[in-house]
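See structure below.
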Amino acid sequence: MTGGAGYIGSHAVLALQDAGWPVVVIDNLVTGFRWAVPHDVPFVEGDVADMALVGDTIRRHNIGAILHFAGSVVVPESVENPLKYYRNNTAASRNLIEAAVASGVKHFIFSSTAATYGIPDVSPVTETTPQRPINPYGWSKLMTEQMLADTALAEDVNYCALRYFNVAGADPHGRTGQSTAGATHLIKVAGEAALGKRASVAIFGSDFDTPDGTGVRDYIHVSDLAAAHVLALNALVADPATSLRLNCGYGRGFSVLDVLDAVDRVAGVTLTREMQPRRAGDPDSLISDNRAILARFGWQPRYDDLDTIVGHALAWEKSLMARAS
Ligand code: UD1
């Protein structure tokens with residue numbers, strides 16, 4: 001697994017371990033944390049673009065499948081520094097795929113994103129909704145989807161691109177969570193504010209075409225997302241001729257105000273809300289049609305409840321504070 005020391009990857013390590021799959025993590029620790037990887041998981045510190053290191057790791061550990069989480073994820077940063085995104089996401093993935101195929105890896109699971117849809121014409125968004133990214137982050141991920149599609153036609157490898165909607169929450173057992181300092185995600189930011197690490201929460205836009213005027217997103221619990229990766233791995237191994245592109249969301253949306261209300265409720269606080277202008281490139285509403293993943297994998301989300309997601313995020317935020325003090 002690449003990026004196993006990061007937010008989503010560290011949850012996927014736990015899900016794979018729970019399912020009995022042996023895991024090896026490669027991570028350059030630029031945004032990830034060594035402590036987020038369990039001690040019984042072999043850990044290779046290095047870059048996924050380093051083809052010699054990747055090839056060596058694959059052979060040494062007899063790797064049969066790669067789950068590729070490593071990458072850069074901040075949309076506004078991708079607008080300011082697009083080449084960083086084309087390097088860390090697109091070019092690094094190209095090297096990784098080449099090293100994987102050359103070393104005999106047969107299955108590839110890729111962390112794609114709802115950002116590949118841009119501002120969709122329809123809601124909910126299905127997998128066949130045209131992918132028209134509106135920022136370099138979305139393009140960098142869509143290009144990797146394309147490389148995988150082309151490679152799967154030419155080589156003896158199949159792949160699953162999982163298009164994540166808004167990932168939030170933390171491991172219900174408190175083993176890992178979103179730990180990046182300066183994170184920009186709404187639930188992370190609101191959790192920090194609830195615990196007094198920030199004075200207020202900005203609401204970026206209240207004139208969207210949504211019921212309460214604030215942006216609507218499909219928030220999915222990170223542990224349900226991690227479970228979907230285990231199902232994807234099973235599916236790729238069971239049917240090597242088939243590749244998949246699937247939305248990962250719950251198929252319903254919450255507004256920014258819904259989320260802040262949930263944080264108030266769960267944390268027992270009243271967050272200070274600050275109205276601000278829209279951020280560049282924010283769609284009004286982004287909701288998944290998740291029927292394909294439900295039907296294909298029999299995926300059964302366990303934490304499809306906003307208060308549960310917020311509660312787990314808050315619990316993790318508290319344990320981060322205790323760790324820091
Ligand atoms: C997130 C992901 C992106 C993914 C997308 C898929 C990150 C950093 N972003 O983007 O990779 O492609 O989901 O749907 O991982 N908001 C506020 N105040 C805040 C922060 C956010 O009002 O302080 C609002 C935003 O305007 C938006 C919503 O909350 O309406 C969610 O924003 P955010 O958590 O930043 O995620 P996305 O931009 O949707």
Side-chain angles (χ1 to χ4, degrees), residues 3 6-9 31 69 71-79 85 88-89 111-120 123-125 129 131-142 144-145 161-169 178-194 197-220 222 225 247-263 271-290 306 309-310 313:
Y7 173 43
I8 303 172
T31 53
F69 293 92
S72 298
V73 300
V74 182
V75 173
E77 185 192 42
S78 80
V79 177
Y85 281 70
N88 287 352
N89 294 351
S111 302
S112 189
T113 169
T116 60
Y117 294 114
I119 298 183
S123 181
V125 179
T129 298
Q131 288 173 290
R132 294 186 299 238
I134 55 163
N135 48 57
Y137 170 68
W139 279 114
S140 72
K141 290 283 186 174
L142 183 56
T144 303
E145 281 201 24
L162 294 174
R163 296 179 188 150
Y164 308 164
F165 282 66
N166 286 58
V167 188
Q178 168 58 276
S179 310
T180 319
T184 54
H185 308 63
L186 177 62
I187 291 182
K188 173 80 178 169
V189 167
E192 290 176 354
K197 286 199 214 173
R198 291 175 189 255
S200 62
V201 181
I203 297 174
F204 294 132
S206 52
D207 57 350
F208 287 104
D209 184 15
T210 60
D212 67 20
T214 65
V216 168
R217 296 289 183 275
D218 185 344
Y219 295 92
I220 170 177
V222 62
L225 180 64
N247 288 341
C248 293
Y250 290 144
R252 48 95 189 108
F254 290 108
S255 71
V256 174
L257 296 183
D258 291 334
V259 170
L260 299 184
D261 288 346
V263 174
L271 293 172
T272 305
R273 304 165 181 206
E274 215 180 86
M275 288 300 175
Q276 289 197 12
R278 293 182 180 203
R279 293 188 306 200
D282 262 353
D284 300 75
S285 176
L286 205 46
I287 300 173
S288 69
D289 181 324
N290 66 1
L306 184 59
I309 293 173
V310 165

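In listed order, ligands and their atoms are each counted from 1.
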Handout entry: Pair T180-Q178, side chain to side chain donor-acceptor pair (under 3.5 Å): steps then yes or no
Key = CA-CA 6 Å; T180 319; Q178 168 58 276; 2.7 Å; yes
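Of the options E145, K141, Q131, R163, a side-chain hydrogen bond (donor to acceptor under 3.5 Å, both in side chains) to S112 is made by E145 and by none of the others. Each of N135, N88, V73, N89 was evaluated against S78; a single residue qualifies, N135, per the side chain to side chain contact (heavy atoms under 4.5 Å, CB included) test.
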At less than 3.5 Å, what protein N or O atoms come close to the N or O atoms of ligand 1? Include the distances to 0.1 Å.
residue  : atom   : partner : partner atom : Å
ligand 1 : 11 (O) : Y137    : OH           : 3.4
ligand 1 : 12 (O) : T113    : OG1          : 2.5
ligand 1 : 13 (O) : N166    : OD1          : 3.2
ligand 1 : 13 (O) : N166    : ND2          : 3.2
ligand 1 : 14 (O) : N166    : OD1          : 2.5
ligand 1 : 15 (O) : H185    : NE2          : 3.0
ligand 1 : 18 (N) : A202    : O            : 2.6
ligand 1 : 22 (O) : A202    : O            : 3.3
ligand 1 : 22 (O) : F204    : N            : 2.9
ligand 1 : 26 (O) : D282    : OD2          : 2.6
ligand 1 : 32 (O) : R279    : NH2          : 3.4
ligand 1 : 34 (O) : L186    : N            : 2.8
ligand 1 : 35 (O) : R279    : NH1          : 3.1
ligand 1 : 35 (O) : R279    : NH2          : 3.1
ligand 1 : 36 (O) : N166    : ND2          : 3.1
ligand 1 : 38 (O) : R279    : NH2          : 2.7
ligand 1 : 39 (O) : N166    : ND2          : 2.9
ligand 1 : 39 (O) : R217    : NE           : 2.7

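A search for salt bridge (Lys or Arg N to Asp or Glu O under 4.0 Å) contacts involving E77 returns K84, not counting sequence neighbours.
One side chain, N247 or Y117, offers a donor N or O that lies under 3.5 Å from an acceptor on the other.
Y7 places a side-chain heavy atom less than 4.5 Å from the side chain of V222.
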